[in-house]
2 protein chains.
Amino acid sequence: MKTIVESSGLPADAFSAKCPTRQVLDHIAGKWTILVVDALTEGTMRYTELSRRIEGVSQKMLTQTLRGLEADGFVTRTIHPTIPPRVDYDLTSLGRSLAEPISALRQWTENHINEIEHARRQTRGAN
Amino acid sequence: MKTIVESSGLPADAFSAKCPTRQVLDHIAGKWTILVVDALTEGTMRYTELSRRIEGVSQKMLTQTLRGLEADGFVTRTIHPTIPPRVDYDLTSLGRSLAEPISALRQWTENHINEIEHARRQTRGAN
DNA sequence: CGGCATCCGCCCCGATACTG
DNA sequence: CAGTATCGGGGCGGATGCCG
């Protein structure tokens, strides 16, 4: 059962260059998207909580990633007009759905990191 | 049960900037990696078969992606010294293992593309 | 057929400074 | 606290040409 893309009437196919699925996949494949979505599975997080949870992310990239996730309907942004200001980020139901395969990918990598590093050490001379 | 990274003795943690898991995750998050791994789940493929299957990929990026997947132990490269030459690419058992969460991610995106495009249209004025 | 080498533009991303 | 604005380097990635 293939999804029919409403905007084009064609079946969804990530291997096709024209399919919008490709853009979303490229976006999800961004450097920080996986970590941000995955972090939010732990519950509501404030901006600075996210930046501390995800080591090494800059303000710019965190903001940019969050804006992208908002635009795609994966994350909600809630502003509390208090002093000091407080902004909460949450996964939408669509975002929680996406988080399942994404978490699986992170966990797989963590579980197999030793095999991968071993394979890397076997690669000799190639460069 | 967390994996202990042999090279560092520390638990695998993708949220930690120093963990090698991060590099692998960044690598998997490359623009073409998901499509290449996923294409190879359909079986052995030659170089030109891959380039036709994955619309829009340039020779350079296909080669570069395949070399990276080789180095990480996800893909094997078999050269048949015939005329004309023939090169077969296959997933290793580690690669087939990785392909499961990766395929899940592509399928999820294809299945939810209409919801995502709808969410995108709701976003007004933001830019 | 299955690459590699080179050039080069673009934009990703980090660093820094500033704001409500 | 939660951003925005701007600058600048690096590398991702496409185009082209050549090779065994």
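Chain identifiers are assigned alphabetically (A, B, ...) following the order of the sequence lines, protein sequences preceding nucleic acid strands; residue numbering begins at 1 within each chain.
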- request: Answer with yes or no whether the hydrophobic clustering places I83(B) together with V87(B); edges join I, L, V, M, F, W, Y residues whose side-chain heavy atoms lie under 4.5 Å apart.
  value: no
- prompt: For W32(A) and dC13(C), what is the distance between atoms CH2 and C1' respectively, to the nearest whole Å?
  reply: 9 Å
query: With respect to the phosphate group of dG3(C), does any side-chain polar atom (N or O) of Y89(B) fall under 4.0 Å of OP1 or OP2?
result: yes
field: Rounded distance (Å) that lies between atom P of dG3(C) and atom CD1 of I79(B)
entry: 7 Å
message: From C-beta outward on P85(B), which listed nucleotide comes closest to its side chain: dG3(C), dG14(D), dG20(D)?
response: dG20(D)
Salt bridge D72(B)-R120(A), side-chain N to carboxylate O under 4.0 Å: yes
message: Name the residue from T48(B), L35(B), V57(B) that meets the side chain to side chain contact (heavy atoms under 4.5 Å, CB included) definition with L62(B).
response: V57(B)
task: Grab the CG-C1' distance between L66(A) and dA2(D) for me, whole Å please.
output: 11 Å
- prompt: Any chance the side chains of K60(A) and S58(A) put a donor and an acceptor closer than 3.5 Å?
  reply: no
- request: Kindly state which residues belonging to residues 34-63 of chain B come within less than 4.0 angstrom of DNA chain C, counting heavy atoms of the residue only, listed by number.
  value: R46(B), Y47(B), T48(B), Q59(B), K60(B), T63(B)
query: Nearest of dG3(D), dG14(C), dG3(C) to any side-chain atom of R67(A)?
result: dG3(D)
Length of the line joining R77(B):CZ and dC1(C):P, which is rounded to integer Å: 16 Å
task: Evaluate the side-chain contact (heavy atoms from CB on, under 4.5 Å) criterion for residues T76(A) and E70(A): first the C-alpha distance (whole Å), next the side-chain angles of each, then the deciding distance (0.1 Å), finally the verdict.
output: CA-CA 6 Å; T76(A) 59; E70(A) 263 190 278; over 6 Å; no
- prompt: Are the charged groups of R22(A) and E55(B) less than 4.0 angstrom apart, N to O?
  reply: no
- prompt: Starting at NZ of K31(B) and ending at P of dC10(C), how long is that distance when rounded to a whole Å?
  reply: 14 Å
message: Between P on dT19(C) and CD1 on I83(A), what's the gap in Å once rounded to a whole number?
response: 18 Å
